[in-house]
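Here's the structure we're looking at; comments come further down.
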Amino acid sequence: MFDVQDIRKNFPILSQKIYDKPLIYLDNAATTQKPRVVVEKIESGYYSVNANVHRGVHFLSLAATEAHEDARKTVQRFIGARSSHEIVFTRGTTESINLVASSFADEFMNPGDEVIISAMEHHSNIVPWQIQAARKGIALKVIPFRDNGELDMDAYKQLFSEKTRLVSVVHVSNVLGTVNPVRDMIAFAHLQGVPVLVDGAQAVPHIEVDMQELDADFYTFSSHKIYGPTGIGVLYGKEEWLDRLPPYQGGGEMIATVTFEKTVFNELPYKFEAGTPDYIGSAALATALDYVSALGLSRIEAYENELLAYATAKMLSIEGIRIYGRAPHKSSVISFLAGNIHHYDMGMLLDRLGIAVRTGHHCAQPLMQLLGIEGAVRASFSFYNTKEEIDAFVEGVERVRKMF
Ligand code: PLP
């Protein structure tokens with residue numbers, strides 16, 4: 001497929017030892033490691049083009065502005081947006097969803113109105129809506145899922161009413177790994193005249209997404225989950241929607257003119273980018289997206305699917321393993337429990353073997369409640385993981401199981 005050993009050379013962090021064991025990093029759904037080019041971009045940004053953007057007439061400010069705006073165009077191309085002013089830089093998925101929840105509710109929602117989410121949402125696509133529910137008296141409707149982790153599409157369709165104002169749904173579940181049929185969900189919502197926000201935090205690193213094909217009204221993701229720096233992310237919004245939403249925060253950058261009596265807001269996307277943006281981060285995110293594009297998302301997806309199938313088969317051969325999320329269309333995470341072993345114990349003992357996995361509720365407590373568990377262990381894979389690492393991980397799980 002592609003040369004994983006060669007790719008790993010671009011990620012210096014992966015070659016270190018933890019407790020004298022080679023690091024096996026399987027917590028990629030929480031955050032990904034950064035290729036050398038991304039770290040170098042941050043370093044060269046601060047060493048050679050650091051100046052505030054959009055404000056200066058001097059050389060460095062113009063260079064920094066150009067890099068920042070070029071980064072916006074890279075994001076636009078990466079997700080197939082029609083225009084670069086449909087790309088708003090935020091702090092990440094969480095802030096992107098909060099922005100839409102707050103501005104959309106302010107402009108378009110009244111008491112009794114409804115938002116449809118799914119039962120497999122991350123807290124960042126639940127709590128912002130609950131805050132608006134308390135402020136505006138809106139209600140949340142929740143799409144259930146089937147035993148294998150697929151959303152119940154019949155139930156989804158039945159949730160619509162004349163009060164439905166928005167659907168806000170996760171593209172790929174960070175716990176179950178399910179790749180939801182968001183294209184069909186969007187098409188159905190649009191037939192009812194309802195716009196759709198898609199939380200793409202776990203999708204963009206693993207599968208190709210195209211805004212024209214999906215026809216999403218809003219789409220969000222975080223740089224740090226796609227090999228870019230932390231602290232920056234993206235809100236894509238169709239121009240017609242972003243134009244109609246009020247600003248989320250006030251300050252510099254988002255204004256055209258200000259008097260003590262009145263402010264005229266800036267044009268898109270700056271209306272939503274109050275304050276100095278993370279212009280070093282945006283350029284490094286663009287470098288990360290270029291890196292991923294050069295590897296090729298279809299090749300990444302094929303390789304990660306192979307890792308997932310390999311790991312799933314091996315895990316299922318261990319006695320007493322329960323895997324949560326067995327949808328036919330699934331991305332590269334395995335959430336599991338082994339017999340009665342507490343997820344923290346499993347995580348801590350794997351850590352001693354140099355294996356980094358996630359334990360706990362994965363910021364999806366309502367989902368855990370529906371699964372009837374307190375938490376789970378999650379192994380999540382990237383294109384830089386190898387079958388040998390999976391062998392070591394499965395052996396580790398087996399070892400821990402035998403200890404108990
Ligand atoms: N949505 C999903 C599905 C996630 O997995 C995460 C992070 O784990 C988020 C949203 C929140 O992302 P961030 O913390 O980068 O804002």
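FYI, side chains are in, hydrogens and waters are out, and symmetry mates aren't considered; it's all heavy atoms of this structure. Numbers for residues simply follow the sequence, beginning at 1.
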Using 30° and 60° as the class limits, which term best fits the ring planes of His68 and Phe89: parallel, tilted or perpendicular?
tilted
Should the ring pair Trp241 and Phe104 be called parallel, tilted or perpendicular, given that the plane angle runs from 0 to 90° and is split at 30 and 60?
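Rings of Trp241 and Phe104: tilted, 30 to 60°.
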Basic-acidic side-chain contact under 4.0 Å: [X], [Y]:
X      : Y      : result
Asp6   : Lys9   : yes
Glu239 : Arg244 : no
Glu86  : Arg72  : no
Lys141 : Glu114 : yes
Lys136 : Asp113 : no

Could you tell me if [Y] and [X] have a donor-acceptor pair between their side chains, going purely by distance under 3.5 Å?
X      : Y      : result
Gln76  : His85  : no
Gln192 : Thr164 : no
Tyr219 : His171 : yes
Thr178 : Ser173 : no
Ser222 : Thr93  : yes
Tyr19  : Asp351 : yes
His190 : Asp217 : yes
Ser168 : Asn125 : yes
Asn28  : Tyr384 : yes
Asp210 : Gln212 : no
Thr65  : His54  : no

May I ask you to decide if [Y]'s main-chain N or O and [X]'s side chain share a donor-acceptor pair within less than 3.5 Å?
X      : Y      : answer
Lys271 : Pro246 : no
Thr74  : Ala286 : no
Ser96  : Gly92  : yes
Thr32  : His224 : yes
Gln202 : Ala29  : yes
Asp199 : Phe221 : no
Ser382 : Asn385 : no
Arg352 : Met348 : no

Heavy-atom count around [X] [atom1] within 6.0 Å, excluding the residue itself: above 12?
X      : atom1 : result
Arg82  : CZ    : no
Glu374 : CD    : no
Arg91  : CZ    : no

From CA spacing to verdict: ring-ring contact (aromatic ring centres under 6.0 Å, His included), Phe188, Phe160
CA-CA 10 Å; Phe188 184 82; Phe160 283 81; 5.2 Å; yes
Rounded to the nearest 0.5 Å, what separates atom [atom1] in [X] from atom [atom2] in [Y]?
X      : Y      : atom1 : atom2 : answer
Thr230 : Lys225 : OG1   : NZ    : 11.5 Å
Leu159 : Leu140 : CG    : CG    : 11.5 Å
Glu107 : Leu245 : CD    : CG    : 7.0 Å
Ile126 : Ile131 : CD1   : CD1   : 12.0 Å

Report yes if the side chains of Leu197 and Val167 come closer than 4.5 Å at any heavy-atom pair, otherwise no.
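They are not in contact (no side-chain heavy atoms under 4.5 Å apart), so the answer is no.
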Would you say Glu121 and Val169 make side-chain contact, with heavy atoms under 4.5 Å?
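Touching, per the 4.5 Å side-chain cut-off.
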Think Lys238 forms a cation-pi with Phe218, using NZ or CZ under 6.0 Å from the six-ring centre and within 45 degrees of its axis?
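No, a cation-pi geometry is absent between Lys238 and Phe218.
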Distance to the ring centre below 6.0 angstrom and angle to the axis at most 45 degrees; does that hold for Lys34 and Tyr227?
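Here Lys34 fails the 6.0 Å and 45° test against Tyr227.
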If you look only at pairs with a residue in residues 178-193, which of them pass as a salt bridge (charged side-chain N to carboxylate O under 4.0 Å, His left out), with sequence neighbours excluded?
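Those involving residues 178-193 are Arg183-Glu213.
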Does anything in residues 118-152 pair up under ring pair (Phe, Tyr, Trp, His ring centres under 6.0 Å), and if so which pairs, sequence neighbours excluded?
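Residue pairs with at least one partner in residues 118-152: His123-His361.
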Can you pull out every side chain to side chain donor-acceptor pair (under 3.5 Å) where at least one residue sits in residues 334-346? Sequence neighbours excluded, please.
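Listed once each, the pairs would be none.
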Steps toward side-chain contact (heavy atoms from CB on, under 4.5 Å) verdict (Val397, Phe393):
CA-CA 6 Å; Val397 172; Phe393 158 66; 3.7 Å; yes
Quick one: do Ile42 and Tyr46 satisfy side-chain contact (heavy atoms from CB on, under 4.5 Å)? Show the steps, please.
CA-CA 6 Å; Ile42 296 167; Tyr46 282 117; 4.0 Å; yes
